[in-house]
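Right, one structure below, let's go through it.
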Amino acid sequence: MQKYYYIYTYGCQMNVHESEKIAGMLEDRGYIRTDEVEKADIIVFNTCCIRESAEQKIMGNIGAVKPIKKVKKDLIVAVCGCMSQQADMASILRKKFPFIDIVFGANNVEFFGEYLDEFLKQKKFCNKVIQDKNYMESATKMHFVRDNSLYAYVNIMYGCNNFCTYCIVPYVRGREISRAPKTIYREVKNLIDMGYKVITLLGQNVNSYGRDGSTGGVTFPKLLDNIANLQGDFELRFMTSHPKDLSDELIEVMAKNPKISKTLHLPVQAGSNKILKAMNRSYDRESYLNLIRKIKEAMPDITLSTDIIVGFPGETEEDYLLTEQLVKEVQYHNAFIFMYSRRRGTIADKLENQVPISIKRERIHRLLAIEHEISTKLFEKMIGSTQRVLIDGENNLFYLAKAQCGKVVKIAKSTVTKLNIGKFIDCEITDYKNGNLIGRTK
Ligand code: 5AD
Ligand code: SF4
């Protein structure tokens, strides 16, 4: 009888990509994907713990499986990812939800298939959370079931060494490990041959690629340059960059290579030097702004995005206003703004001067409104410009495309004869409406 799987994925692109590995292992074992959770024979929760809100949502969704499992006794429930990687979490989860069958962490996703085989044989709870990560090259031989046939993620490194004081990632994803350049080239070449058009290189801090000494001296700019020089019609993106490690060489490589998208996600987190220091970000406002100036000089068409935390412990109104000013000065096309969330085991969690939730809420609303106004103006400024876009879908009225910055561009079918999905085209932007760019072919 046909078996079905359903995967809940929470959090960042890293998790999205890891779910593609999990799907591969399930399909290798004969399961097929379903979009109806009730129909599934196995449900996997690939979790995130970056903020408390993520954890609460996940707990709620796991809880909702209880009635399904009551009527479907053979249903297998697996929980993995960053949340389960935290100390004691496997037993906390199992206590709260005794119907969970398999728990494993972000460190050993590649072994899920084996855990599932073991569970099917022994039919008893599998706690497979391990502390050491030892999977790098085995990962490259894996079968991914990619979510999309045009856009592909490629991990270039895992882990983070930065220990920003608010962040739990270094605790759950461990130290930085870089993948060998030649296996990355091989994977990207394969993807290009298979027809993927946008390749996004992934790492928590891509700019420190190779710092662990495992890449034979290949640094991130070199890796990016080599990939951009591969044959084929594709675009190259990467995330995330830590401002402290973004070199002049990287700016040069980006500026000279037409295949590298002129878009950069550069989390600033805060605009006040006092807060940046308390966050252990290793740069100050002035050096960040100087970096932005250099980037804009080298690439005047660059679109910038960022992450910002409001309400970090000790953030005063003056500190917050410095973040507002910085946002106005940089002019981001997009900003992901978060309220600081206390994370167990991090340094910031132990600070005494925590900011009340009401102030955090008020600051996030103010900053979101400011950013909305800025980004609207920036996208309106694109009207009249020509953008290279990838046609990636269609509906009754429009061809849908993505600009390099990731923004949706809609092209009315009434204005063109036929556009092929998967092709890059030059498109003139004619309007900006409801958060989407409107374009027409040149
Ligand atoms: N609270 C709020 N936001 C956080 N981030 C990381 N840790 C926390 C936290 N404890 C944000 C940062 C990071 C993004 C991925 O999530 O802005 O860049
Ligand atoms: Fe977290 Fe900082 Fe590492 Fe990003 S760089 S994952 S914010 S510790």
Side-chain angles (χ1 to χ4, degrees), residues 9-18 47-57 81-83 85-86 106-107 133 155-178 202-209 211-212 220 238-246 264-272 275-283 288 304-315 320 323 326-327 330 332 334-351 354-357 359-361 363-364 367-368 371:
T9 306
Y10 307 88
C12 63
Q13 288 80 2
M14 206 66 104
N15 267 17
V16 170
H17 188 38
E18 274 158 10
T47 63
C48 167
C49 60
I50 195 108
R51 282 169 287 276
E52 197 188 347
S53 53
E55 286 194 335
Q56 281 167 348
K57 184 168 155 198
C82 292
M83 187 171 131
Q85 188 67 54
Q86 294 172 88
N107 281 343
K133 181 162 32 196
N155 273 128
I156 62 163
M157 59 189 300
Y158 301 89
C160 181
N161 289 356
N162 290 316
F163 289 95
C164 300
T165 55
Y166 50 80
C167 187
I168 200 162
V169 169
Y171 301 91
V172 290
R173 288 209 171 247
R175 297 295 66 71
E176 288 172 2
I177 310 176
S178 303
L202 291 183
Q204 245 80 40
N205 176 16
V206 290
N207 296 308
S208 57
Y209 175 80
R211 294 251 173 95
D212 58 349
F220 183 60
F238 54 91
M239 67 191 319
T240 293
S241 289
H242 195 305
K244 79 178 166 58
D245 298 315
L246 197 146
L264 194 57
H265 184 63
L266 201 55
V268 65
Q269 312 296 1
S272 139
I275 298 297
L276 287 170
K277 191 149 194 268
M279 287 177 161
N280 190 31
R281 288 292 289 175
S282 313
Y283 55 83
Y288 183 90
L304 294 166
S305 58
T306 198
D307 292 341
I308 293 171
I309 297 175
V310 294
F312 183 83
E315 186 188 71
Y320 163 76
T323 303
L326 183 135
V327 164
V330 176
Y332 296 106
N334 197 5
F336 299 90
I337 306 170
F338 310 105
M339 290 189 282
Y340 168 72
S341 168
R342 295 176 81 156
R343 301 286 66 205
R344 194 160 48 105
T346 60
I347 293 173
D349 185 38
K350 297 179 190 86
L351 298 175
Q354 300 287 329
V355 174
I357 181 79
I359 295 185
K360 287 186 202 170
R361 281 214 186 98
R363 288 182 188 161
I364 197 172
L367 199 54
L368 281 169
E371 175 51 27

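Every number for a ligand or one of its atoms is a count from 1 in the order of the listing.
The existence of a salt bridge linking E315 and R363 is confirmed by a sub-4.0 Å separation between a basic side-chain nitrogen and an acidic carboxylate oxygen. A salt bridge between R342 and D349 is present, with a side-chain N of the basic residue lying under 4.0 Å from a carboxylate O of the acidic one.
Under the 4.5 Å side-chain criterion, counting only non-hydrogen atoms from C-beta, V355 is not in contact with M339. At a threshold of 4.5 Å between non-hydrogen side-chain atoms, the residues N162 and K244 count as touching.
For ligand 2 and C160, the ligand atoms under 4.0 Å from any heavy atom of the residue are 3 (Fe), 5 (S), 6 (S), 8 (S). For ligand 2 and P170, the ligand atoms under 4.0 Å from any heavy atom of the residue are 8 (S). Using a 4.0 Å cut-off to heavy atoms of H242, the atoms of ligand 2 that qualify are 5 (S). Taking a cut-off of under 4.0 Å to the non-hydrogen atoms of Y340, the atoms of ligand 1 that pass are 1 (N), 2 (C). Short contacts between ligand 1 and Q269, defined as distances under 4.0 Å to a heavy atom of the residue, involve ligand atoms 12 (C), 13 (C), 17 (O), 18 (O). Distances below 4.0 Å separate heavy atoms of Q204 from the following atoms of ligand 2: 6 (S). Which parts of ligand 2 touch N162 is read off a 4.0 Å heavy-atom cut-off, strictly below it: atoms 5 (S). Residue I309 approaches ligand 1 through these ligand atoms, each under 4.0 Å from one of its heavy atoms: 3 (N), 4 (C), 5 (N), 12 (C), 17 (O).
Neither the backbone nor the side chain of P267 comes within contact range of ligand 2; no heavy atom lies under 4.0 Å. Contacts between I50 and ligand 1, counted as non-hydrogen atom pairs separated by less than 4.0 Å, involve both the backbone and the side chain. Proximity of Y166 to ligand 1, defined as any heavy-atom pair under 4.0 Å, is shared by backbone and side chain alike. The side chain of R281, and not its backbone, has at least one atom closer than 4.0 Å to an atom of ligand 2 (non-hydrogen atoms only; side chain from C-beta on).
For atom 7 (S) of ligand 2, the closest non-hydrogen atom on the protein side is Y166 OH, 3.3 Å. The protein atom (non-hydrogen) at minimum distance from atom 5 (N) of ligand 1 is R51 NH1, 3.4 Å. Ranking protein heavy atoms by distance to atom 1 (Fe) of ligand 2, first place goes to C167 SG, 2.3 Å. Here the heavy atom of the protein found nearest to atom 14 (C) of ligand 1 is D307 OD2, 3.4 Å.
Ligand 1 has M339 within reach: a non-hydrogen atom of the residue lies less than 4.0 Å from it. Residue contact annotation: R173 has no non-hydrogen atom under 4.0 Å from ligand 2.
Heavy atoms from other residues, nucleotides or ligands lying under 6.0 Å from CD1 of I347 number 12 at most.
By the 30° and 60° cut-offs, the orientation of the rings of F163 relative to Y171 is perpendicular.
The backbone N or O of I275 sits less than 3.5 Å from a side-chain atom of S272, completing a donor-acceptor pair. Checking side-chain atoms of Q85 against main-chain N and O of A106 turns up a donor-acceptor pair under 3.5 Å. In this structure, R175 contributes its side chain and C160 its backbone to a donor-acceptor pair below 3.5 Å.
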Next on the checklist: Go through it in stages, so that I can follow the logic: the residues are F336 and H265, the test is ring-ring contact (aromatic ring centres under 6.0 Å, His included), and I'd like the CA-CA distance, side-chain angles, deciding distance and then a yes or no.
Outcome noted: CA-CA 10 Å; F336 299 90; H265 184 63; 5.8 Å; yes
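Distances between N or O atoms of R343 and those of ligand 1 include no value under 3.5 Å. Ligand 1 has an N or O atom lying under 3.5 Å from an N or O atom of S341, backbone or side chain.
The presence of a protein heavy atom under 4.0 Å from atom 4 (Fe) of ligand 2 is ruled out.
The cationic group of R51 lies under 6.0 Å from the six-membered ring centre of F338 and within 45° of the ring axis, placing it in a cation-pi geometry.
Closest approach of T323 to G271, counting heavy atoms only: OG1-N, 2.9 Å.
The OG1 atom of T47 lies 8.0 Å from the CD atom of Q86; values are rounded to the nearest 0.5 Å.
Inclusion of C164 in the first shell of atom 2 (Fe) of ligand 2 is supported: an N, O or S atom falls under 2.8 Å.
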